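One structure is given below, encoded as structure tokens.
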Amino acid sequence: MENKNRLLLIDGSSIAFRAFFALYNQLDRFVAPNGLHTNAIFAFHTMLSSLMERIQPTHVLIAFDAGKTTFRTEMFAEYKGGRSKTPDEFREQLPFIKEMIEKLGIRHYELVNYEADDIIGTLDKMAEAPDVDFDVTIVTGDKDMIQLTDWNTRVEISKKGVAEFEEFTPEYLNEKMGLTPTQFIDLKALMGDSSDNYPGVTKIGEKTALKLLQEWESLDNLYANIDSLKASKMKENLVADKEMAYLSQKLATINTNAPIEIGLEDTRIQSKNISALSIFYDEMGFAQFKNKLLSDGGLSELTETTKDEIVFEVVTDSASDFSVSKDDFFYLETLGENYHREKIVAFAWGNAEKIYVSKNLSVLTEMELPENTYDFKKNRVLLHHLGRELPVSKFDAMLAKYLISTTEDNKISTIARLFDVGQVALDEEIFGKGTKLAVPDDEVLFEHLARKIRVLVNAKSKMLSELEENEQLSLLTEMELPLAEVLAKMEITGISVSNDTLEEIGNENEEKLSLLTKEIYELAGEEFNINSPKQLGVILFEKLQLPAGKKTKTGYSTAVDVLEDLAPLSPVVAKILEYRQINKVQSTYVKGLIPQIAEDGKIHTRYVQDLTQTGRLSSVDPNLQNIPVRLEEGRKIRRAFVPSKGAVLLSSDYSQIELRVLAHISGDEHLIDAFNHGADIHTSTAMRVFGIERAEDVTPNDRRNAKAVNFGVVYGISDFGLARNLGITRKSAKNYIDTYFERYPGIKKYMEDIVREARDKGFVETMSHRRRKIPDINARNFNVRGFAERTAINSPIQGSAADILKIAMINLDKALIESHSQAKLLLQVHDEIILDVPQEELGEIRKLVKKTMEDAIELAVPLKVDENAGKTWYEAK
DNA sequence: CACATCACG
DNA sequence: ACGTACGTGATGTGG
């Protein structure tokens, strides 16, 4: 028993399908951070683990069907025909299931022209050869395989969920159906198989077939004695369908001599690839699996398994013997993310021949600096702190990866996996996370960095060829890399923020808040935490009995739109709205910003250049792209943002850039016309859509509605969304949209074309070939697909607008340098840039900025820039 | 650590 | 029938 080999053969296709449906109702809950559905992957893992635990196999093979056509379809074209299309949400998970299996140290196999059954049948037969000693367990969702049970083989059929199986042995089959395994094939021959779509004999189902087999034992014997059957409709059918019965028999028979290229020894379980698995679990969002992996001794194994030899040299001081070239890769490590505050922990450089690692900063100040980087902007800022200027990078692996695919993050470990260029541990494994964040021993630290360099060196050529293929090379070298330099400069410059002004606003807010709090408690009749939607819900909808409208996952919704509807019903609601508004300003923008003011009196945000799905930037630590502006209460915060001495703030923004981009890429003549005539675009839309002849006759309400329609168009309009936004019925919203498309046929065509393009290519592009993958575009779920379609429509618009502002920023930076101006770029807010401009330069720079932005790119319509200058950001608007 | 809420374009 | 507008980040609550 101990020495016996136990072979587990799994029908991967069938089990994966079962797994998918076992958690089908949880489809929306099982979504990876990158948006991939993971319900089947998760359930497959669960099933596999429990099988391994229970059966304790020494050998495992997971077989998959290779494709639709097999030798069986050659015999019978309709074989497995008529099946409904496998759901996209399932299909997209299969490659990941296979990837996971590999990382678990288990073999999977598929063979062109054969089904998983045949691969399993063939291996099962091998396991019965006289010179080997195996117990075999076959696991599948498909009853056909019951025919394989014999003295050393049990067949487990998945019944329900992930854990229930029915176990077939020859004894059990006999007990349950009165059949031998061979008779099971003849049963199928007679009764056919509706799911595999072969008919058997007309009018013979399971009952009749069983009866016939009990009497005649086999199909051959039955037909040999067919004359002795007494005349009946059944006999006629048997005679008429004899050929089909034998064909069905052939179809039902599992091929145990498939030309597979693997043997029993290939199926022996290998050790898990702990580091790869750990990364995989992270990407899938499988926290439990990962925890179990690491707690089961994975952590210690991890360090061993990744020790696949990496050779590097530690440089202790600048007198050491080392070499460096500008063609090398360079990498800088910090402990935390905010490089404006962080210290350099260590750094590394190297090429395919040699890798160096060091933590001696004097080496860094003196050495030549390579031009291949990972996160050039971060390096630039950190080296600036050391008083060094990192030379312009000619390749940034982080940005390159971002341009190639936005679907995943751009960590080096991810690059390693995607481009298959070596192993690196996750940073969390080396440095810990949260409160446990710490620098490890030099030995661990240095090796980690050396591995990173190796991955970068190896990945570069692969990334370059992919960029080239995608026509994205200039996007990297002429847009993102130059932009990184501009952004580094902006971040280093920072914007001055007056602590005193914030304090003043804060004091006023505190007074208002304490008064409001008192009033709310009084009106509510009790004290509670106003910041808790849960407690607030109880007060409003239970105690005060206000009508609860929308619900959230966790209870009553107390969002603004709900409260606004409720305001007329109880005076407390208006107070709560006011409290919310002020409290938001207070917590996020007063208490949030004050500690972000550095010693130089400035706030240095970080622009994240490799995050958004569309090509926009994001701003963090703090976010300076969402400083209040719409409501006066919050807008006051902008008074705290001030220029340098003797300067003013200049804010320049593109007017209607997204609609202009849409006019250009759609080529719609009417939208282009409107912009070319300098029309107020919403008024113009109102006139066309509502059939108003003269601009003077467009009422403010007409314009408001047209504006909402225009927004909707950019977002990938739906009647539902427009109706909700305008508070009108879906029917009239649909009416608006229909009329809009009628009057702007070019826009309609754009939308249809771009969705089709997304379906054909799997991605959409901006004007500068920035890509966004749209994997869900063929999803069968209405919601998921609808979302993907709107994404396909919106991304080229939002993304092209982002490209344009990036170009403008690069050009403007250059123009400012060339004109020896002291003006400085400070902030970017998607369609707007804010500069610090010396008073005496204002007249000239205003013009320069406007011109540079308007000339950034030539479209079918003009670009228009509005600008405002002032002594604070508040006034520059 | 997920969720609700709300700030911006 | 299905039930959503596109793209972000920060804060506070509560399990």
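Lettering follows sequence order; numbering is per chain, from 1. Fair warning: this is a prediction, and the values are worked out from it, not measured in the lab.
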Q. When you measure from the centre of the six-membered ring of A:Phe720, is the NZ or CZ of A:Arg730 under 6.0 Å away and within 45° of the axis?
A.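 Here A:Arg730 fails the 6.0 Å and 45° test against A:Phe720.
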Closest nucleotide among [options] to the [X] side chain:
X	options	result
A:Lys584	B:dG9, C:dG7, C:dG9	C:dG9
A:Asn626	C:dA5, C:dG9, C:dC6	C:dG9
A:Ala708	C:dA5, B:dT5, C:dA10	C:dA5
A:Thr554	C:dG7, C:dG12, B:dA4	B:dA4
A:Arg630	B:dC1, C:dG7, B:dC8	B:dC8
A:Ser532	C:dG14, B:dC3, C:dG9	C:dG14
A:Gln535	C:dG14, B:dT5, C:dT8	C:dG14
A:Gln613	C:dG7, B:dA7, C:dT13	C:dG7
A:Phe782	C:dG7, C:dG14, C:dG3	C:dG3
A:Thr614	C:dG7, B:dC8, B:dT5	C:dG7

Does [X] contact [N] through a side-chain donor or acceptor facing the base, at a distance under 3.5 Å?
X	N	result
A:Thr612	C:dT8	no
A:Gln798	C:dC6	yes
A:Arg790	C:dT4	yes

With heavy atoms under 4.0 Å as the rule, sort [X] into base, sugar-phosphate or nothing.
X	result
A:Val585	nothing
A:Asp831	sugar-phosphate
A:Ser587	sugar-phosphate
A:Ser795	nothing
A:Gly786	nothing
A:Asn529	sugar-phosphate
A:Val608	nothing
A:Arg730	base
A:Ile797	nothing
A:Asn583	nothing
A:Val829	sugar-phosphate
A:Leu617	nothing
A:Lys534	sugar-phosphate

Interatomic distance where [atom1] belongs to [X] and [atom2] belongs to [N] [whole Å]:
X	N	atom1	atom2	value
A:Ile774	C:dC6	CD1	C1'	11 Å
A:Gln581	C:dT11	CD	C1'	16 Å
A:Ile627	C:dT8	CD1	P	19 Å
A:Arg770	C:dC6	CZ	P	20 Å
A:Ile717	C:dC6	CD1	P	12 Å
A:Ile737	C:dT4	CD1	P	16 Å
A:Gln596	C:dG9	CD	P	14 Å
A:Asp776	C:dC2	CG	P	21 Å

Between [Y] and [X], is there a side-chain donor-acceptor contact under 3.5 Å, judged purely by atom types and distance?
X	Y	result
A:Thr558	A:Arg580	yes
A:Gln798	A:Ser795	no
A:Tyr750	A:Asp668	no

Ring geometry between A:Phe289 and A:Phe286 (parallel below 30°, tilted from 30 to 60°, perpendicular above 60°) |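 The arrangement is perpendicular - the two ring planes meet at more than 60°.
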Using a cut-off of less than 4.0 Å, is there contact between a side-chain N or O of [X] and OP1 or OP2 of [N]?
X	N	answer
A:Ser618	C:dG7	no
A:Arg724	C:dG3	no
A:Thr552	B:dA4	yes

A:Phe787 aromatic ring stacked with six-membered ring of C:dT4, 5.5 Å and 30° |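 Not stacked by the 5.5 Å and 30° rule.
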**Study point:** Paired nucleotide for B:dG9 [Watson-Crick or G-U wobble; both distances under 3.5 Å]
**Key:**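 Answer to the pairing question: C:dC6, which forms a Watson-Crick or G-U pair with B:dG9.
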Roughly how many Å apart are B:dC6 and C:dA5, using the P atom of each and rounding to a whole number?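 Their P atoms lie roughly 15 Å apart.
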### Task
Using the C1' atoms only, state how far C:dC2 lies from B:dT5, rounded to an integer number of Å.
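Roughly 27 Å separates the two C1' atoms.
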Could you point out which residue of A:Lys378, A:Arg606, A:Lys377 forms a salt bridge (charged side-chain N to carboxylate O under 4.0 Å, His left out) with A:Glu491?
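Running salt bridge (charged side-chain N to carboxylate O under 4.0 Å, His left out) over A:Lys378, A:Arg606, A:Lys377 with A:Glu491 returns exactly one hit, A:Lys377.
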_Keeping A:Lys591 on the side-chain end and A:Val585 on the backbone end, is there a donor-acceptor pair under 3.5 Å?_
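Such a contact is absent between A:Lys591 side chain and A:Val585 backbone.
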- [ ] Say whether, by atom type as modelled, one donor and one acceptor occur between the side chain of A:Tyr521 and the main chain of A:Phe528 under 3.5 angstrom.
- [x]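 Yes.
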